[in-house]
Undergrad: 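Okay, here's the structure, questions in a sec.
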Amino acid sequence: MGNTNSGTYVRVFANDSVWMEDSAVEQLQTTARNLSAIRAAVGLPDLHPGRGYPVGAAFFSINHFYPALVGGDIGCGMQLLETDLASHKTSPSKIEKALGNIDSPLPEHSITPATYGQLEQLAQQAGDTDLRYLLSMLGTIGGGNHFAEWQAVDAIYEEGVLNKKQLYLLVHSGSRGLGGAILRQHVERFGHAGLVADSTAAKDYLDQHDAAIGFAQLNRQHIASRMLRAVRATGRCMLDVTHNHVGVHQWQGQQGYLHRKGATPSDQGLVVIPGSRGDFSYVVRPVASRHDALDSLAHGAGRKWARSDCKGRLKPRFTLAALQQTRFGSTVVCADKDLIYEEAPQAYKEVDGVVQTLLDCGLLHLVARLKPVLTYKKGAMACC
DNA sequence: ATGTTC
């Protein structure tokens, strides 16, 4: 599916194996039309409506870029670690007990001087942000679709990448409040008009943007390491990939800016496409140089239901306890009752359809399929 | 997404 809209390349990667809302496609087209510097817009199979702009999409612009298109969670991404825990030696209940309440701010004595130095540098680069603010968020998962999930290997498609016997840890989180603060500050001055490339304002934003990317990555590292420590395991980072960002990019021989809004890069090696908390996650090898897809893949399953619809639809059919277990026998730890409904597997597309669509389009090769053992969404200290 | 938002 593709069309040319007053010179703008707009394409949606979809087929019968994936649900896609018309309103999301409309949002993609409207965005491509209304933001005048945009030359190309791509919807991935996880495309779904967002606040003004769709999620699961990539946009290429020339001479101008749009911070509002990236949104508030600058630097949000996935980190996958191979742990030294053997899958068969553990269980959801053992991990849950060992983790305890692990989503509160890190105790200050556990912050190393090196981390402290990194935070000081990031706080300054982000625009004189309060260091204490960053410290209070470091190592916390956040809300929405963020999680840290212990996973077992369910299937191997390409040998020699994942180890069938090991447990893996997937961390999905972002820059927490920092990216939101940077966006708010930007929108107060410039609204949604975007910035002229190479202007002072553009350089200032990109500097802050990069600080948010750095903080998000540091945050994922700390989420992972505190969890590994709690279960007395170690981990090896296999990939850490950001799906909300903007940066210089080439497209059709022209230099411009690529915005990814819930879109995983396909030009940075292996990536993971997670399903919902009651579904598989796929480690995949992107096919390189698919510029027709703006070098991007789906970043997950994508929402099927609006958050506001979930509780009404699920409460009559499921108890909270039922939603804290999944069809795999995995456990979902989440102290926020509303969030359990909003993040229920029923609220998401089936990841198999999303991945099948990308396979059919020739955008990736499968490496492995992971299934959840325990998902940590939000601890009691982190909410209420 | 969110030191949410009164």
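By convention in this document, chain letters (A, B, ...) are assigned in the order of the sequence lines, proteins followed by strands, and residues within each chain are numbered from 1.
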Undergrad: For DNA chain B, find the residues of residues 295-311 of chain A with a heavy-atom distance under 4.0 Å and give them by number; none if there aren't any.
TA: A:R307
Undergrad: Mind listing the side-chain donor-acceptor pairs of residues 186-193 of chain A below 3.5 Å, one per line with the distance, residues two or more places apart or on another chain?
TA:
unit_1 : atom_1 : unit_2 : atom_2 : d
A:H192 : ND1    : A:Y53  : OH     : 2.6

Undergrad: What residues form a side chain to side chain contact (heavy atoms under 4.5 Å, CB included) with A:A202, not counting sequence neighbours?
TA: A:F65, A:L195, A:S199
Undergrad: Quick one: which residue pairs count as a side-chain hydrogen bond (donor to acceptor under 3.5 Å, both in side chains) with a foot in residues 153-167 of chain A, not counting sequence neighbours?
TA: A:D154-A:R369, A:E158-A:R285
Undergrad: Can you pull out every ring pair (Phe, Tyr, Trp, His ring centres under 6.0 Å) where at least one residue sits in residues 84-139 of chain A? Sequence neighbours excluded, please.
TA: none
Undergrad: When you measure from the centre of the six-membered ring of A:W305, is the NZ or CZ of A:R313 closer than 6.0 Å and no more than 45° off the axis?
TA: yes
Undergrad: Show the atom names and distances, to 0.1 Å, of all donor-acceptor pairs under 3.5 Å that link a side chain in residues 206-217 of chain A to residues at least two apart or in another chain.
TA:
unit_1 : atom_1 : unit_2 : atom_2 : d
A:Q208 : NE2    : A:A126 : O      : 2.7
A:H209 : NE2    : A:V246 : N      : 3.1
A:H209 : NE2    : A:V246 : O      : 3.4

Undergrad: What residues, two or more places apart in sequence or in another chain, satisfy side chain to side chain contact (heavy atoms under 4.5 Å, CB included) together with A:Q254?
TA: A:I62
Undergrad: In residues 219-227 of chain A, which residues come under 4.0 Å of DNA chain B by heavy atom?
TA: none
Undergrad: What nitrogen or oxygen pairs link the protein and nucleotides 2-6 of chain B at under 3.5 Å?
TA:
unit_1 : atom_1 : unit_2 : atom_2 : d
B:dT2  : OP1    : A:R176 : NH1    : 2.9
B:dT2  : OP2    : A:G143 : N      : 2.4
B:dG3  : OP2    : A:R176 : NH1    : 3.3
B:dG3  : OP2    : A:G177 : N      : 2.5
B:dG3  : N2     : A:Y133 : OH     : 3.4

Undergrad: What residues form a ring pair (Phe, Tyr, Trp, His ring centres under 6.0 Å) with A:Y168, not counting sequence neighbours?
TA: none
Undergrad: What pairs with A:T83 under side chain to side chain contact (heavy atoms under 4.5 Å, CB included), at least two apart in sequence or on another chain?
TA: A:L85, A:W150, A:L167, A:L169, A:L228
Undergrad: If the condition is side chain to side chain contact (heavy atoms under 4.5 Å, CB included), which residues does A:E96 pass it with, not counting sequence neighbours?
TA: A:T331, A:V333, A:L374
